[in-house]
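In what follows, a structure is listed as structure tokens, so that the remarks can point back to it.
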Amino acid sequence: MDYKDLADLIFPDAKPVEYYEEKYPERNLKEGAIVTRVAPSPTGSTHIGTLYQALIARTVARQSDGVFFVRIEDTDTKREVEGGIDNITGSLNYFGLGPDEGMVSGTEEKGYYGPYKQSLRKEIYQSFAKKLISEGKAYPCFCNEEELNKDREKQEKAKMRPGYYGEWARCRKVTVEDAINKIKAGESYVIRFKSPGNENRKIQVSDVIKGKVTFPENDLDIVIIKSDGLPTYHFAHCVDDHLMRTTHVIRGDEWLSSLPLHIQLFKVSGYKPPKYCHIAPIMKNDNGNKRKLSKRKDPEAGVSYFAEIGVLPEAVKEYLLNIANSTFENWRRANKDKSIEEFPFQLNKMSVSGALFDFTKLFDVSKNVISRLTAEEVYNYSNEWAQKYDNDLAKLLEDKEYSLKVFGIERNNSNKPRKDLSKWSDVKDNIIYMYEAPTEFDYDKITGEDAKRVINEYAKTFDISDDKQTWFEKMKDVAEKCGYAREVKEFKQNPDKWPGHVGYVSTVIRVTLTGRRNTPDLYEIIQVLGKDEVEKRLVK
RNA sequence: GGCCCCUUGGUCAAGCGGUUAAGACAUCGCCCUUUCACGGCGGAGACAUGGGUUCGAUUCCCGUAGGGGUCACCA
């Protein structure tokens, strides 16, 4: 009896690997085309890190005329969450990061290298595992959890490196005959990879982002097929990325230390390993310590959070691109109207260490994204957001014609549009006074009877049909009449001559009309508010 | 703890042996014919630390400290 008999006993129905090699041939792409993917597990809401990886992967694939695909890694049936795949594909779509190939919903996929859901590829993995067993490069292991734990304890006590390797790899020494008998007797087992590595030898691997990294060789006989017949991540990665003809594996750098194992797996299998790009995670400052963004603790770790607070997907992507390649900012400034797809992204320019997620910066990016929008777009997006998250705002926006005018203030016909909105949840506060007369007034410098007088004088001269210049002059007239300086400059030269200047006066009017001291251009506000409303608000 | 990676202003970061050590966000001041948002100008603010190597180190090497990752039949 030999390895082949053992392999046949374990996986009697597995097809030869040649079948799959033929079914999934080398891709016919141009030189330098990058085939890459995002490979999330359907374990709940989509993580910002997944989005980050997808953005990067898709960008480099697009720019090289390659392929970006989505593969679902659902081999851990315990952790899988209902609707998890839909959540991922939905998020990807929402952010405009849909794939060229792979899963497009919980049940649908596209492309010729599928299935793209690992649980559907069971027989493929078994076929490749069978090959390794028949070549003596993998073997069944009958150790149970208890034995494994005991060994680990012993190792820890003896200050030895824990794990299933060398002398500790007991089932490596089980003869083929014994193994066959145990299996026939119904013993439960997993398949382990027989590592040819030596802990004392070093290997140097080259990562596209991290550069050259030196590791001890892997000598752990890791599990490749679990007792439920499904593969572990390591084996699935090797089989899938070989068969899907992936050229670049872009993934979080928590995988960096498995690199010696993965490369070994490829080499022993006789396949060319892909290029690896390990990206640093997005971090969070937690009481002075950096840690990875966590879905449990940080709302911004979940991708849906940005929809909730009303930050555009485009803004999130721009911010992420900013973190990924710091040259993006300069590019954006020089190419204000270009799509971010045109940005020449460079994988090897990515930072090797994790960046702190910075809301302030995100909002700044977002503010600029919104400033490039038309009033109509701002209206549509806010309205869409309000329908879902803010009833009060939705009610305000029911009058579309008027709202369009409101959003048009200092936006339409302006090459320097306002930048006071960074998210849709800012909108209501920002425009409320255009819909409801203010009830509280803090006039700042001019108060009481003096303020009343200013308002009365202004009301006397108010004429909605004044052009801006005339309106402006009238404001100065009011200032003069009430004893304030016409010009700010004059006042500054002689601050003792007047109790204040025209700015003080306009503030009173501004507050009377809007209830606040900070607003966009008052003249435009008055024009949009209209004669009747302005006059009503001027009655004191 | 073993192994691996990282360390430039508050944050994101250029830099790759000789620079007045870029830029962006944030912050402060001034200007922008009246506020605010823009925009402009300017200010403050950094090479973790100790040794080497070198004529010269932010840049190269070693140590220390700090941070991160990883050591599963999870991905």
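Chain letters run A, B, ... following the sequence lines, proteins first and then strands; every chain starts at 1.
Looking at heavy-atom distances under 4.0 Å, A:K419 makes contact with sugar-phosphate atoms alone, never a base. Contacts of A:K489 with the nucleic acid, taken as non-hydrogen atoms under 4.0 Å apart, involve only primed sugar atoms and P, OP1 or OP2. Contact annotation for A:M283: backbone-only contact, meaning every heavy-atom pair under 4.0 Å involves sugar-phosphate atoms and none involves a base. Using a 4.0 Å heavy-atom criterion, one finds that A:S351 contacts the sugar-phosphate atoms exclusively. Contacts of A:T43 with the nucleic acid, taken as non-hydrogen atoms under 4.0 Å apart, are absent. A:W471 comes within 4.0 angstrom of a base, heavy atoms only.
Every residue was checked against the salt bridge (charged side-chain N to carboxylate O under 4.0 Å, His left out) condition with A:D86, not counting sequence neighbours, and none meets it. For A:E153, there are no salt bridge (charged side-chain N to carboxylate O under 4.0 Å, His left out) partners two or more places apart in sequence or in a different chain. Residues meeting the salt bridge (charged side-chain N to carboxylate O under 4.0 Å, His left out) test with A:K295, sequence neighbours left out: none. Residues satisfying the ring-ring contact (aromatic ring centres under 6.0 Å, His included) test with A:W498, not counting sequence neighbours, are none. Under the salt bridge (charged side-chain N to carboxylate O under 4.0 Å, His left out) criterion, A:D221 pairs with A:R172, not counting sequence neighbours. In this structure A:H278 satisfies the ring-ring contact (aromatic ring centres under 6.0 Å, His included) test together with A:Y276, sequence neighbours excluded.
Comparing the same atom, P, in B:rU59 and in B:rG67 gives a spacing of 22 Å after rounding to whole Å. B:rG9 sits 22 Å from B:rC5 when the P atoms are compared, rounded to a whole Å. Taking atom P on both B:rC28 and B:rU8, the two are 25 Å apart, rounded to the nearest angstrom. To the nearest whole angstrom, the two C1' atoms, one in B:rG40 and one in B:rA57, are 38 Å apart. On the P atoms, B:rU11 is 28 Å away from B:rC4, given to the nearest whole Å. Rounded to whole Å, the C1' atom of B:rA44 lies 25 Å from the corresponding atom of B:rU49. For the P atom pair drawn from B:rG10 and B:rA22, the interatomic distance equals 16 Å after rounding to whole Å. Between the P atoms of B:rU58 and B:rC3, the separation comes to 30 Å (whole Å).
Side-chain atoms of A:S326 lie closest to B:rA13 of the nucleotides B:rA13, B:rU33, B:rC3. Taking only side-chain atoms of A:K202, from C-beta outward, the nucleotide of B:rA37, B:rC4, B:rC38 with the closest atom is B:rC4. Each of B:rC38, B:rC36, B:rC25 was ranked by its minimum atom distance to the side chain of A:R418; first place goes to B:rC36. Among B:rC6, B:rC3, B:rC25, the nucleotide with an atom closest to any side-chain atom of A:S353 is B:rC6. In this structure, of B:rC38, B:rC3, B:rA13, it is B:rA13 that holds the atom nearest to the side chain of A:I323.
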### Query
For A:F266 and A:H237, what are the C-alpha separation, side-chain angles and deciding distance, and is it a ring-ring contact (aromatic ring centres under 6.0 Å, His included)?
CA-CA 10 Å; A:F266 272 91; A:H237 155 54; 5.5 Å; yes
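With rounding to whole Å, A:N330 atom CG is found 13 Å from B:rC25 atom C1'. For the pair A:N348 CG and B:rA14 C1', the computed distance is 15 Å after rounding to whole Å. Summarising the geometry, the separation between NE2 on A:H278 and P on B:rC6 is reported as 14 Å, rounded to the nearest angstrom. Spacing between atom CZ of A:F363 and atom C1' of B:rA24 amounts to 18 Å, rounded to whole angstrom units. Taking atom CG of A:D207 as the reference point, atom C1' of B:rC4 lies 12 Å away to the nearest angstrom. Across the protein-nucleic acid pair, A:N430 atom CG and B:rC38 atom P stand 12 Å apart, rounded to whole Å. Whole-Å rounding puts the A:E217 CD to B:rC3 P distance at 17 Å. Between A:D286 atom CG and B:rG66 atom P the separation is 19 Å, expressed in whole Å.
For an aromatic pair to be called close, the ring centres must be under 6.0 Å apart, and A:F462 with A:W471 fails this.
Looking at which nucleotide of RNA chain B each of A:P417 and A:A355 is closest to, the 5′-most match is held by A:A355.
Using a 4.0 Å cutoff on non-hydrogen atoms, the parts of residues 516-525 of chain A near RNA chain B are A:R517, A:N518, A:T519, A:P520, A:D521, ordered by number.
Pairs passing the ring-ring contact (aromatic ring centres under 6.0 Å, His included) check and including a residue from residues 203-227 of chain A, sequence neighbours excluded, do not occur.
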With a cut-off of 3.5 Å and sequence neighbours excluded, list every side-chain donor-acceptor pair involving residues 76-83 of chain A.
| residue | atom | partner | partner atom | Å |
| --- | --- | --- | --- | --- |
| A:D76 | OD1 | A:K78 | N | 3.2 |
| A:D76 | OD2 | A:R79 | NE | 3.3 |

Less than 3.5 Å apart, which donor and acceptor atoms pair up between the side chains of residues 343-351 of chain A and the rest of the protein, not counting sequence neighbours?
| residue | atom | partner | partner atom | Å |
| --- | --- | --- | --- | --- |
| A:S351 | OG | A:S353 | N | 3.2 |
| A:S351 | OG | A:S353 | O | 3.0 |

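Between A:D207 and A:K275 there is no salt bridge, since no side-chain nitrogen of the basic residue lies less than 4.0 Å from a carboxylate oxygen of the acidic one.
Between A:K367 and B:rC25, a side-chain N or O to OP1/OP2 separation shorter than 4.0 Å is absent.
Side chain of A:R332 to backbone of A:K338: a donor-acceptor contact under 3.5 angstrom is found.
In RNA chain B, runs of at least 3 stacked Watson-Crick or G-U pairs (N1-N3 plus N6-O4 or O6-N4, or N1-O2 plus O6-N3, all under 3.5 Å) give these stems: B:1-7 with B:65-71, B:10-12 with B:23-25, B:27-31 with B:39-43, B:48-52 with B:60-64.
Judged by a 6.0 Å distance limit and a 45° cone about the ring axis, A:K182 is positioned over the six-membered ring of A:F142.
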### Task
Give the B/S/- string for nucleotides 70-75 of chain B, one per nucleotide from 5' to 3', where a protein heavy atom under 4.0 Å of the base yields B, of only the sugar-phosphate yields S, and otherwise -.
S-SBBB
